[in-house]
Asks: 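Here's a structure for you.
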Amino acid sequence: MLQPIAKDVAVELAKKFGVCVKPVWLRRTNTATGETELVSVPCGATSASKCEPCAEANRRLRMQQIREGWHLTDEPVTTPDAPTDQQRELVEYRAVLEFARTSVVLAAEWDQVAELDAEIDQVDEQITAAGVRGSVLPGGRKDGSDPDESAPARKRSTKRRQDAPDLPRLPVANRTIPHPHIGSDGREHRDSMFLTLTLGSYGPIHSAYRRRGRVQVCECGQLHSPHDPCVGTPVDPDSYDYRAAALDCIHFAKVLDRFWQNLRRAVGWNVQYAGSVEMQKRLAPHGHFAVRGALPRALVRQVAVATYHQVWWPAHDEIVYDPDGAVPVWDPDAKTYRDPETGAALPTWDEALDAIDEDPDAEPAHVVRLGTLNAKGVRGGSESAEKTIRYITKYITKDITDAVAPGSRAQEDHLARLAAELQTLPCSPTCANWLLYGVQPKNAKATARPGRCKGKVHQRRTLGFTGRRVLVSRQWSNKTLSDHRADRKAWVKALLALSATGEATAGEHDQAATDPPPFEYELASRDDPDVPPPHVHFLRKIAERQAWRTQLDAAKQQVQQQLSATQTVAA
């Protein structure tokens, strides 16, 4: 019974060769001949728990993205391509439909409105398929409402808080690459930075920090090894501020965005960054970022200290209704929630925000601030740069809490207390937990269950952080992941062509890649009789990958021989 199972061996080999273990089967039909066949497409998962080979492929793609944009010497191209005639015609037809819809809405001909909306949806899909990014309208009619009828956004004062230091503010120049530094040798140096941004402290924790190769004494007065079961847990759990830790996790993405805005205004040019968000052992998120250009570390620390994000929500520091007791009840006639004892209607979301706007002494419900900042200089093309890229992308294939899975009773209790605090905090304006604080959530419905919101914020696998794990600024390299994936394919095609003919014919490959294939695709079911069993599919793909690797290695060796021969002739 301890012998390996053949199917499991096939799965392990498939993972080793980078074969997707959860492929999507498509039925491809040749529109010219009518011939059909089944093709497998990788699932494209970014989490190793779903598909390890696809997640690893995505990680390597992110590494390439960071590598290409980190130490640029020339500004990336930002001028978009001119629209084609087809794109102009589609947008023009979209304008005709919009005018017709406005006319029938004014005439109250609602049956024609539905027909026009269906036609508009089809044209929008055609515009997107034609290669136009974004939407023609700034809003949308996903809920069936007119974009002109949307409520105006609330505006808050941008005046800085009195307890926050001032920041230098310069006009932001339209450039993403800093001026080169002239060294003592008279040459230009374009160094960059590696930043680690963390949140503040919520109380002393057991730690195993090292300084100059030696472990430092913990707050408890003892020395801990990095694998000590109490590392990352509070020294005094009763005095640890779990509520502030939970709220900071929820709003961490907002304070990160504010930091980059402040940094660009402080240095006077459009700083670009790429990085990922991970979880510390104390269960607080922190971010690792590759930053283009070397900035003064004192200025970066000044910006981090002065950065904050104010949460202008109704007060939610004390629970009014016990989630296990009597909670507000829904009145179907008035479509509102009422107090279970007095029957009084709870204030709506808009009423609660109006009360904050009308109070001149109102304070935000919570203020998120950054904690410590670690800055390190990195030179492009060095071994340190490659190590840093691997470090940034180390855990992006895992869930944010996988790297800090509890390994002791103390760590499990710490995670449980933080998860319990997140269970009763509101995660968004529409969260049902607002009923626990005597406020109706935005767009309240009868199905709201206070204390049992199904949002990702309240799940143990996220611990409050639900933002994007990988953060890349818009002008990092002006390439999407699809562009980087296409670059890798083009490199392989050029290498094979070079090994076969002795010269690269990139134009021919590009032309072949842009020709529209005469195929139609539809999703195939796993129960179809012609879909092969998983282990059979894995064996076929393993053999195919082996042939690919042999062909690629032979092409590399042949190109290397051609290059050596060319250098010998030139010498």
Side-chain angles (χ1 to χ4, degrees), residues 11-24 40-72 76 192 194 196 272-279 287-292 378-400 402-403 468-496 509 513 538 541-557 559:
V11 173
E12 292 300 323
L13 278 177
K15 293 180 180 179
K16 178 181 178 181
F17 282 90
V19 178
C20 175
V21 296
K22 292 185 178 180
V24 178
S40 62
V41 180
C43 65
T46 58
S47 175
S49 60
K50 297 180 180 179
C51 181
E52 185 176 340
C54 288
E56 178 63 21
N58 178 75
R59 187 184 75 88
R60 293 185 179 277
L61 208 60
R62 289 293 187 181
M63 291 176 62
Q64 178 181 346
Q65 184 181 35
I66 297 176
R67 187 182 298 111
E68 288 191 11
W70 197 358
H71 299 91
L72 290 181
S192 295
F194 171 57
T196 299
Q272 299 297 301
Y273 60 90
S276 62
V277 177
E278 300 172 1
M279 193 72 74
H288 300 300
F289 295 98
V291 181
R292 186 187 303 159
V378 180
R379 177 154 296 181
S382 62
E383 184 179 354
S384 176
E386 285 299 315
K387 288 183 178 180
T388 304
I389 293 174
R390 290 195 294 268
Y391 184 78
I392 293 174
T393 59
K394 184 178 180 180
Y395 294 114
I396 64 173
T397 61
K398 300 180 180 180
D399 289 337
I400 193 168
D402 286 349
R468 291 178 296 148
R469 289 284 307 281
V470 180
L471 303 174
V472 181
S473 55
R474 292 184 179 273
Q475 298 182 26
W476 178 255
S477 62
N478 273 358
K479 288 184 179 181
T480 63
L481 288 182
S482 299
D483 296 332
H484 289 289
R485 193 177 292 109
D487 290 344
R488 295 167 70 97
K489 292 181 180 179
W491 178 83
V492 173
K493 290 181 178 180
L495 179 64
L496 296 176
H509 294 294
F538 295 153
K541 283 294 183 181
I542 289 171
E544 184 181 73
R545 291 298 178 97
Q546 287 177 330
W548 287 357
R549 288 190 178 183
T550 302
Q551 186 179 5
L552 190 61
D553 292 341
K556 288 181 179 179
Q557 185 177 3
V559 170

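The analysis underlying the following values was restricted to heavy atoms, covering all of them including side chains, and did not include hydrogens, waters or symmetry mates.
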Asks: Return the set of residues passing salt bridge (Lys or Arg N to Asp or Glu O under 4.0 Å) with Asp399 (not counting sequence neighbours), or none when no residue passes.
Replies: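 With neighbours one apart ignored, the set is empty.
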Asks: Out of curiosity, Gln475 CD to Leu72 CG, how far, rounded to the nearest 0.5 Å?
Replies: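 Between Gln475 CD and Leu72 CG, I get 11.5 Å after rounding to 0.5 Å.
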Asks: Considering residues at least two apart in sequence or located in another chain, which fulfil the salt bridge (Lys or Arg N to Asp or Glu O under 4.0 Å) criterion with Arg62?
Replies: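 None.
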Asks: Sequence neighbours excluded, which residues qualify as side-chain contact (heavy atoms from CB on, under 4.5 Å) partners of Val277?
Replies: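 Val277 satisfies side-chain contact (heavy atoms from CB on, under 4.5 Å) with Phe252, Leu256, Pro285, Ile400, Phe465, Leu471 once adjacent residues are dropped.
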Asks: Taking Arg292's backbone N and O only, do any of them form a donor-acceptor pair with Gln272's side chain (distance below 3.5 Å, no angle check)?
Replies: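 No; zero donor-acceptor contacts below 3.5 Å.
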Asks: Run the side-chain donor-acceptor check on residues 43-55: report pairs under 3.5 Å with partners two or more places apart or on a different chain.
Replies:
unit_1 : atom_1 : unit_2 : atom_2 : d
Ser47  : OG     : Ser49  : N      : 3.4
Ser47  : OG     : Ser49  : OG     : 2.8

Asks: Do you see a donor-acceptor pair shorter than 3.5 Å between the side chains of Thr480 and Asp483?
Replies: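 Their side chains do contain a donor-acceptor pair, which is all the 3.5 Å distance test asks for.
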Asks: For Lys15, enumerate each residue passing the side-chain hydrogen bond (donor to acceptor under 3.5 Å, both in side chains) test, keeping only those at least two apart in sequence or located in another chain.
Replies: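 If we apply the side-chain hydrogen bond (donor to acceptor under 3.5 Å, both in side chains) test to Lys15, skipping adjacent residues, there are no hits.
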Asks: Working to the nearest 0.5 Å, report the span between CZ of Phe17 and NZ of Lys541.
Replies: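 Taking CZ in Phe17 and NZ in Lys541, the distance rounds to 14.0 Å.
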Asks: If you look only at pairs with a residue in residues 388-398, which of them pass as a salt bridge (Lys or Arg N to Asp or Glu O under 4.0 Å), with sequence neighbours excluded?
Replies: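 Sorted result for residues 388-398: empty, none.
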Asks: Please confirm whether the backbone N or O of Ile392 pairs with a side-chain atom of Ser276, one donor and one acceptor, at under 3.5 Å?
Replies: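 Side chain of Ser276 to backbone of Ile392: a pair is present.
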Asks: Minimum heavy-atom separation for Arg67 and Glu386, please, with both atom names.
Replies: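 Heavy atoms of Arg67 and Glu386 come nearest at NE-OE2, 2.9 Å.
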Asks: Which heavy atom of Ser192 sits nearest a heavy atom of Val291, and at what distance?
Replies: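 Scanning both residues, the minimum pair turns out to be CB-O, 3.2 Å.
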Asks: Are the side chain of Arg545 and the backbone of Gly18 linked by a donor-acceptor contact shorter than 3.5 Å?
Replies: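 It does hold such a pair.
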Asks: What residue pairs, at least two apart or across chains, pass ring-ring contact (aromatic ring centres under 6.0 Å, His included) with a residue in residues 381-400?
Replies: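 Those involving residues 381-400 are His288-Tyr391.
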Asks: Please list, chain by chain and in numerical order, all residues satisfying salt bridge (Lys or Arg N to Asp or Glu O under 4.0 Å) with Lys387, sequence neighbours excluded.
Replies: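 Salt bridge (Lys or Arg N to Asp or Glu O under 4.0 Å) check on Lys387 returns Glu383.
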Asks: Between Trp548 and Leu552, is any pair of side-chain heavy atoms under 4.5 Å apart?
Replies: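 When only atoms from C-beta onward are counted, Leu552 and Trp548 do not touch, as no gap falls below 4.5 Å.
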Asks: Quick one: closest heavy-atom pair of Arg379 and Ala385, and the distance?
Replies: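 Looking at all heavy atoms of both residues, the closest pair is O-CB, 3.7 Å.
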Asks: Just to verify, what does Ala274 make a side-chain contact (heavy atoms from CB on, under 4.5 Å) with, not counting sequence neighbours?
Replies: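 Listed in chain order: Ile66, Val472, Trp476.
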Asks: So, Ser473 side chain and Tyr273 main chain: donor-acceptor pair closer than 3.5 Å or not?
Replies: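 Yes; at least one donor-acceptor contact below 3.5 Å.
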Asks: What residues form a salt bridge (Lys or Arg N to Asp or Glu O under 4.0 Å) with Arg60, not counting sequence neighbours?
Replies: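 Result, salt bridge (Lys or Arg N to Asp or Glu O under 4.0 Å) vs Arg60: Glu56.
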Asks: Roughly how far apart are Ile389 CD1 and Trp70 CH2, rounded to 0.5 Å?
Replies: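 Those atoms lie 5.5 Å apart.
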Asks: In chain order, what residues pass the side-chain hydrogen bond (donor to acceptor under 3.5 Å, both in side chains) check against Gln557, with sequence neighbours excluded?
Replies: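 Expected list: none.
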Asks: Calculate, to the nearest 0.5 Å, the distance between atoms CG and NZ belonging to Asp487 and Lys479 respectively.
Replies: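 NZ of Lys479 is found 4.0 Å from CG of Asp487.
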Asks: With sequence neighbours excluded, what pairs up with Val41 under the side-chain contact (heavy atoms from CB on, under 4.5 Å) test?
Replies: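 Only Leu26 meet the side-chain contact (heavy atoms from CB on, under 4.5 Å) criterion with Val41.
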Asks: Let me confirm one number: the CD-OG1 distance from Gln65 to Thr393, rounded to the nearest 0.5 Å.
Replies: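 So the CD of Gln65 and the OG1 of Thr393 are separated by 11.0 Å.
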